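Since the model is a prediction, treat every value here as computed from it, not as a measurement. Each residue takes its place number in the sequence, starting with 1.
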Amino acid sequence: YANPESNGDASLCRSDSGMALFGALLAAVWALFLGTALADPGYVPRGRAGAGAGAAAGEAGAGPGGGGPAPGESRGPGAAPGRAGAEQPPVGSGAAAGGGGAGPEGVDLEAGGGGAREGRRWCAECHVFQPVRAKHCRACGRCVERFDHHCLWLGSCVGRRNHRRFFWLLVAEVALHFWFIRILVSGVLRADEPTKYTYSLNGVTYMLVFFSGLMVVFLVPLLVLHTYLAATGQTTWEWGARAKITYLSALPTGYNPFDRGGRGNLEHFCLPRDFSEPYPLPDPAEAPERDGSGRKDTWWDNEHYSCCG
């Protein structure tokens, strides 16, 4: 589709180095895609069905006396008394000390439960107390450690064990599409005047440029978002649904208990680490007090950096 009346040396599609780089980027994208999609995102091992009530009763203890559940209290995966799927009281209350209950449809209770397990939620579908920062994915049917999101393109969750690989997949895809557009454009645009070949023989080229341009428009903001999340020690779920997450909603706005500082967050995200290390449950008493200025942390203005000067 290059202009035959122009100098072929100016076209990257006829350049061995240009096509070699394109091939390398394409191979990297496919390798990262398959590696991310097929990797374990951090599935929490399922518990034994029916064992949750016994575990909660044996380890949670009773209310203030520690001898058994208060009258009308439920400790196992069954719903709390009253309506089915009722929310548990916040961690630290008397009812919460009795153990976790079941949320809507028996899964993914966002608010409280599991006093014996340090406030962790009970998942009635997986029959486990979820680790801190874990969430039940309805699409996968599993609880995922450090849950970020469920990716429809991958057909899998992005979590603690494959988030870093997903980030590099975004980097490789953005680089691939930018280079692909560069190759296509180099085959059409020249320093000389356009000829009849410029428009009549390059319809497919224009369609490919348009497609890759759309992908760039979608991928670049996604890459910027995940760069921000990595630099601030957050996940997409925590960033977008903070008010629904019990261990974060009780904390001051803008405070992230998992923040290690900009450099520490990036090192923790990018470098190999021990995935078995659990995240501690945030303590609201350890959160710093707000300065009363009403300033809210955003992705462009926060404690790590400011784009506003």
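Note: the hydrophobic cluster containing V209 does not contain L214 (ILVMFWY, side chain heavy atoms under 4.5 Å, direct or indirect links). Linking Ile, Leu, Val, Met, Phe, Trp and Tyr whenever their side-chain heavy atoms come within less than 4.5 Å puts F167 and W153 in one cluster. Note on M207: it does not cluster hydrophobically with L184, by side-chain heavy-atom contacts below 4.5 Å among ILVMFWY residues. A single hydrophobic cluster is seen to contain both F33 and V220, as judged by linkage of ILVMFWY side chains at heavy-atom distances under 4.5 Å, directly or through other members. Linking Ile, Leu, Val, Met, Phe, Trp and Tyr residues whenever their side-chain heavy atoms come within less than 4.5 Å leaves V217 and F180 in two separate clusters.
Atom CZ of F178 has 12 or fewer heavy atoms from other residues, nucleotides or ligands within 6.0 Å. Annotation: F210, atom CZ; neighbour count of heavy atoms from other residues, nucleotides and ligands within 6.0 Å does not exceed 12.
Considering CD of E125 and SG of C137, their distance stands at 10.0 Å, rounded to 0.5 Å. Between C143 atom SG and H127 atom NE2 the span is 10.5 Å, to the nearest 0.5 Å. Atom-to-atom distance recorded for R263:CZ and H268:NE2 is 15.5 Å, nearest 0.5 angstrom. Going from atom CH2 of W179 over to atom CE of M19 covers 10.5 Å, rounded to the nearest 0.5 Å. The structure places CZ of F211 at 10.5 Å from CD1 of I181, a figure rounded to the nearest 0.5 Å. Rounded to the nearest 0.5 angstrom, E145 CD and R161 CZ are separated by 6.0 Å.
Not one N or O on the side chain of W237 forms a donor-acceptor pair closer than 3.5 Å with the backbone of A134. Looking at D148, its side chain never comes within 3.5 Å of a backbone N or O of T235 through a donor-acceptor pair. In this structure, R160 contributes its side chain and F275 its backbone to a donor-acceptor pair below 3.5 Å. Under a 3.5 Å cut-off, the side chain of R164 and the backbone N or O of L271 do form a donor-acceptor pair. Side chain of N265 to main chain of R260: a donor-acceptor pair is present (N/O by atom type, distance under 3.5 Å, no hydrogens or angles).
In this structure, the side chains of K135 and V144 stay at 4.5 Å or more apart for every pair of heavy atoms. Proximity of R133 to I245: side-chain heavy atoms (C-beta onward) are nowhere separated by under 4.5 Å. F147 places none of its side-chain heavy atoms less than 4.5 Å from the side chain of H136. Using a 4.5 Å cut-off on side-chain heavy atoms (C-beta onward), Y247 and P257 make no contact. In this structure the side chain of L251 reaches within 4.5 angstrom of the side chain of L248, judged on heavy atoms. Between H226 and H149 there is a side-chain heavy-atom pair separated by less than 4.5 Å. A 4.5 Å side-chain heavy-atom check between V44 and Q130 finds every atom pair outside the cut-off.
Of all heavy-atom pairs between G159 and N162, the closest is N-OD1, 2.7 Å. Taking all atoms of both residues into account, the shortest heavy-atom contact from N256 to G233 is ND2-O, 3.2 Å. Closest heavy-atom contact between P282 and V132: CD-CG1, 4.3 Å. Annotation for V216 and P221: closest pair O-CD, 4.0 Å, computed over non-hydrogen atoms. Counting all heavy atoms, side chain and backbone alike, D259 lies closest to G261 at OD1-N, 2.9 Å.
Ring pair W239/Y228 is perpendicular by interplanar angle, where above 60° counts as perpendicular and below 30° as parallel. Between H163 and F166, the ring planes lie tilted relative to each other; the angle falls in the 30° to 60° range.
For an aromatic pair to be called close, the ring centres must be under 6.0 Å apart, and H177 with F218 fails this.
Qualifying ring pair (Phe, Tyr, Trp, His ring centres under 6.0 Å) partners for W168, counting only residues two or more places apart in sequence or in other chains: none.
Of the candidates V174, L170, V171, L169, L169 is the only one forming a side-chain contact (heavy atoms from CB on, under 4.5 Å) with V29.
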